[in-house]
Amino acid sequence: METNETSSATKTPNATGEPGVNASRFEVVKRGFPLAMLVLLIVIFSIASPRFLTFSNLLIVLQQGTVLLVAALGMTFVIMAGSIDLSVGSIVALAALATALTADSLGAAAIIPAIAVGAVAGLVNGVLLAKGKVPSFIATMGAMVVYRGIVLLFTRGAPVSIEDEQFLDVYTNRTLGIPHSVIIGLVLMVIAYGIINRTVFGREVRAIGGGERVAILTGIQVARVKVYMYVLLGALCGIAGLLQGARAMAATAQLGEGLELDVIAAVVVGGTPLTGGVGSVVGTMLGVLIITLLSNGMNMAGVDPYLQNIVKGTVLVCAVFVTIDRKKIGIIK
Amino acid sequence: METNETSSATKTPNATGEPGVNASRFEVVKRGFPLAMLVLLIVIFSIASPRFLTFSNLLIVLQQGTVLLVAALGMTFVIMAGSIDLSVGSIVALAALATALTADSLGAAAIIPAIAVGAVAGLVNGVLLAKGKVPSFIATMGAMVVYRGIVLLFTRGAPVSIEDEQFLDVYTNRTLGIPHSVIIGLVLMVIAYGIINRTVFGREVRAIGGGERVAILTGIQVARVKVYMYVLLGALCGIAGLLQGARAMAATAQLGEGLELDVIAAVVVGGTPLTGGVGSVVGTMLGVLIITLLSNGMNMAGVDPYLQNIVKGTVLVCAVFVTIDRKKIGIIK
Amino acid sequence: DEPTVGVVVPTLDAQFWNSYVAFMKKGADELGVKLVVLNADNKPDQMVKSLEDLVAQKVDGIVFTPYWATAARGLTLAKEAEIPVILTDSYPDFSPQTERFPNYIAFIGPSDEDAGYQMAKALFAVIKPGPDGKKVIGVVNGTAGTSVAIDRRKGLEDALKEAPDVRVAGEVDGNFVRDTSQTAFESLFQGNPDITGVWAANGGTATGVMAALKNQGKAPGKDVMVVGMDLNPENVDAVKSGDLLFDIGGHWLQGGFALVALFDQIKGIPVPPGADNVKLKLLPLTKDRVAQFEKDFPGGVPTYDFRQHSRFYNKDAKPAVFEMQYSN
Amino acid sequence: MTLAASDLSKSYGQTRAVDGVSVVLRPGMVHAIVGENGAGKSTTLRMLAGAERPDSGVMTLDEASYAPPSVIGAAALGVSLVYQEITINRSLTVAENIFIDRLRQFAGPIGLIDRRRMEAAAQTILERISAQISVSADTGRLNLGELKCIEIARALSTNPKILLLDESTAYLDHREVQAVLRVISELKGQGMTVAFVSHHLDEVLAVADELTILKDGQYVGTYRTTEIEPNEIHRRMVGRELARSIYPPRPRDTGKPVVFEACDVAVGRELGGVSLNVHAGEILGLAGLKGAGAEALFAAICGDLPLRGGSMKLAGGSYAPSSPTSAWGQGVAYLPGDRHNEGLIADFSILDNLVMARPPHHGPFFHRTAAIAIAGDLIAQIGIKTHSVDASCRSLSGGNLQKVVIGKCLAVQPRLLLLNNPTRGVDIGARTEIYRIVRQKAAQGLAVILSSEDMPELIGMSDRLLVLRQGQITHRIETAADATEHDIIGHMA
Ligand SMILES: Nc1ncnc2c1ncn2[C@@H]1O[C@H](COP(=O)(O)OP(=O)(O)OP(=O)(O)O)[C@@H](O)[C@H]1O
Ligand SMILES: Nc1ncnc2c1ncn2[C@@H]1O[C@H](COP(=O)(O)OP(=O)(O)OP(=O)(O)O)[C@@H](O)[C@H]1O
Ligand SMILES: [Mg+2]
Ligand SMILES: [Mg+2]
């Protein structure tokens, strides 16, 4: 027990048992875990419900997962940098409201206010963290309450419905059988993948998560990168809010409540640790699929609603238990 | 307050501009912030409502704050060790249910099942973190959903009422005008203060938050301490659940929903940073009072319910903004 | 060939929705229906997802409660899959059986506005004016932003307009939850000890208010009058003991009624015109009626034979909807 | 007590960290263990101290079989280890740190710690090693040397018969090193067995009676220090002959332009009004104890701390960096003293670290091909031993890690390079190479300011030398080659 802890739970060089080639082979296996988890769920649900593995249901799953995916893409950056955002659900509600209020006059262009509102909310979060030095957990916990309060104050609880034909056409119709929202989600995923893996900004975010003090002393503009990263998350939540609004054909004060937990869970299940420094867009997508499939599958299989949350929580913990890469994380808080 | 709480450390020794005497004088000022914040709130609300500063209302505030306080005392340990627990609200509900189911047969002794259920729930969380190496944020997020699910499964939404006279006498009556629940809260606070500042366990928890790797190398049984600390939090949530149940004279499926955010906020506003290594019981008490007074005061002053959340979130962020000790924390995530 | 009917409830945390589901389950057993119950867990998004999942399963009919403006979306989904739908509890602003949503075959729900109004009336009638000649009340609202809370509050507003001698000392948000309501009302009452009546938005809220009063040494039903809504068993008990002045409800039966109508529809017997938009009159309960209530509705449930009300089983059945009424 | 180990082996995965090492630690003797980075020194000590279990081999303690299950078990038998890394918990007080795993012995009847008794006990131990540290001092404000002393005090507090010190002098300044060496001698006088690891042969020769050389995990031999020549030690450690001097020759030409100038610069409380300049091609050495001001000066030049007074000039223009970003942007590169926490991100690849300061890019896109070229060049130029630019830095030895940090600085082609103790814990072979690289870059026109606690390194590498004491320059040596340690030390304290 004792020695065991010393050698495995540490962030030392020695923590890796097998260096070089083996290590990377091992990592490939680890990376396979979320995928294996997903396949397992698919197998189980296919057995439980004959309609589960149909094209139309899988399309529904994709559609259901899109809002989560879009927000989770942004969250991947924030978590990769070692921070967190609890306000995403509220930003989604704010953006959905902006969409609903403008869709009738702007049509599909209502995406502009949606993104703008999301980006501004993200900017506030980013500034609170990077300039105000308020820890992101607390800053965004406060923001969560405030943004939701603003939505409530505006709507006084009355839903604002979206009826503009052109708007609904653009964001809810299908092309070649694929819903536009899914296409938007996939495009954003490719972009996020590119940003994380191919841009200087993505590398800077990762460096901040890997070692913030090192990043500062190496001349990375840590505060600015953090602000940008929250703006990016905010803007993505803006789009998520628009899609959510389009899906529900209305904005309500409760929209996106509790979404933050699903978003964080998706990112972490996908293999991006809360300690930062590592982040995978593909993993996040798998995490989103796991979470979405889980609830779709349980609904399809007719699992007792009184049991569903118990199952969901258990699977979440198990998923992280198997996917987490303890070699990379060292100290687990 | 004890010197020892003051004397703790910067994580980056050379990041500090002005060391020595000035710094410690400054720290004393910093420590005063939660208190100043509290005084400010009291002044504002006293002006807004003439009845705010009456003995009977202050007693009510204490009573309202007790459940939060008891849970926050336990959370202070967990946050001091650098971890978190999102499941406290659900544990409170579970324990209230245990209380309600047994109060009629056990009377005041229903505290035993309440504490037992809380401790077991805490044990599960602790083992998931310490042995399962699942990050506490995720482990307790899952636990939150599962424990609440268990309550729902048991109650099917129906409240379980508590009618036992002896039980209600013991936990809701007053002695010398002071409600028993408040007395229990104060006693627990003194005990928690002693544990944090004066016991080996308290020092070990602090050491884990201050540097887990170092704690492991110096022979602290980190896993065991973590488990104990979650059991302690669970047991305290057990008592909180009992008190909450006694207060409401029933256990319901919604009991304690969202409590975790208030608990975490109280601890952090009280000056215990989420990065760990530092923790103040007195601060936590001030944090609890701030949060409780804020909503009591707003309700008394008749602040528009639609505005209350906005005010609450803003005050929370401001409180942390002024109370957080940036010298001690160094890197703020 | 049992038809499958999907049900989505806004939450299972509250006793009300559990009673709703339990009554539907009883009906499903009697009628021979496979019931799939899904819980939206208080999340609009999960409500939509659950509806999608039901459509993907190709259920034969859906009963749902369109909180958070989910009616249009749910009906659209079902329309594409040609699944008949009955909405309950929360009226969506558009009528059933129109060209837009031919699959929207009926609405069955209470009038929250009316309930809020009746509660207010019952309260105003009993409380005594204070020194300034005004009757002072406190208001504990339901979850801000839900249509149910808003409609009940509207009913209160109407009653207030008719009662210039009533003054609202303050309003707090009880979130439809007992402990939140208790804490919020404690503070409200501290600030306004002249309150002699409380309008509480639902059963849990009323219970929280009564606990707060007892906690401060006040006797609900004597020092301060409380009115609530839902007819949950504990509310009935409270009315019986005199703590709760007035309660109104019984509308959790709506799901069962919807099930009967939907079952007939699936079996090819359409909902008769005129029975497609039902605003249930709710059953008011005061202390003097408790004995009658317990006699008429043992366990709070009326004797209701589902097959008797189904025209599939019983050619000349009366309308599915059966309002709870005292036998005399 | 005699601790004997024979034929110890330990593997981590496929790495044979220690492969058949035998060593005998005799009472009243100081035993040094030397070898290159990664030779297996720490692993050997960890096995002796119960922190690690050997895969094979036998250990005996005074003839009795010895197989400690944990560090605590070993301490109970009288064997105590001071780890290579700092193991002070800054959330705890000095006294708590000393007794961290034994706080229970100060617990009273109801479990409360008797703080006064604990502090008295701690003070006694600190006095035993003549450490000038108050038990009530804030650990957050102590320097690394003081922290090491606390760790030694912790090891001594278990009343060991055998004390194992792993590079305990690596982060210490000259005065602190002397103090530790004195403590070692004293303990030896008290009959204690001491084993210690150091990369500095002068320290080894000053206190050790015997030394064991390890190479690539294997046992090379054990020698009496009086019977082996320093050059021979080096040869057996490294496996080849080292040049007579490990410091490269200084160029002769002077008169190049001034690159950096500080005028009356004051920073925080540490540095109070210092003026200096450094020319292109020159290495300016800064000598001083911890807290004498060199760190503060570097922090100001690299934009991490604001100036309290004075002004700076870079390449003739005025220079006032608002942040490290602006410093790096103007060609100032900083190599921090703590490579693990400030120098590089060990989880990242060599490439990621090398191009971190100025990643090559096309617009917003990272230009990986260019980055690989740059990293490849640096790896070849500096001689980082790795099979791939994408290898994780976790797979590198301390010396190679340090070279990565240097590479990161050189990648931006700086005009001014700030080196803060660039060879802490680095073995002699790697050190030689680092010196060569720095001198070579200077020869190409780079201006270097070198702060080091290693006196021979300062004298061997600098062209000019400044001695700092309490934030002031107390001595200027125009030709460092002529300086003596004695001379410098005299102006430091
Ligand atoms: N926990 C561990 N896991 C994996 N490999 C390890 C571990 N500890 C040591 N090693 C390997 O063992 C070998 C010896 O390491 P060790 O730390 O003993 O070297 P050292 O002589 O102390 O070096 P240095 O002078 O750099 O401190 C190294 O090659 C290293 O890769
Ligand atoms: N994960 C690893 N796999 C293989 N070898 C490793 C690994 N981590 C470290 N090493 C090896 O361990 C040896 C010693 O590592 P160690 O961390 O002790 O370095 P070091 O030189 O002592 O640096 P420092 O003293 O500054 O920490 C090095 O030779 C290095 O090659
Ligand atoms: Mg070593
Ligand atoms: Mg080393």
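These values consider heavy atoms only, across backbone and side chains, with no hydrogens, waters or symmetry-generated copies. Order of the sequence lines sets the chain letters (A, B, ...), proteins ahead of strands, with each chain counted from 1.
- The backbone N or O of V267(A) sits nowhere less than 3.5 Å from a side-chain atom of T284(A) that would complete a donor-acceptor pair.
- Within the 4.5 angstrom heavy-atom criterion, no atom of R148(B) approaches chain A.
- K333(A) places a side-chain N or O within donor-acceptor distance of the main-chain N or O of A81(B), the cut-off being under 3.5 Å.
- Note: V317(A) leads V268(A), D304(A), V317(A), L316(A) in heavy-atom pairs under 4.5 Å with chain B.
- With respect to chain A, the highest number of heavy-atom pairs below 4.5 Å among V315(B), L261(B), L129(B) belongs to L261(B).
- Proximity of S90(B) to V151(B): side-chain heavy atoms (C-beta onward) are nowhere separated by under 4.5 Å.
- Side chains of E260(B) and D85(B) form no contact here, defined as non-hydrogen atoms less than 4.5 Å apart.
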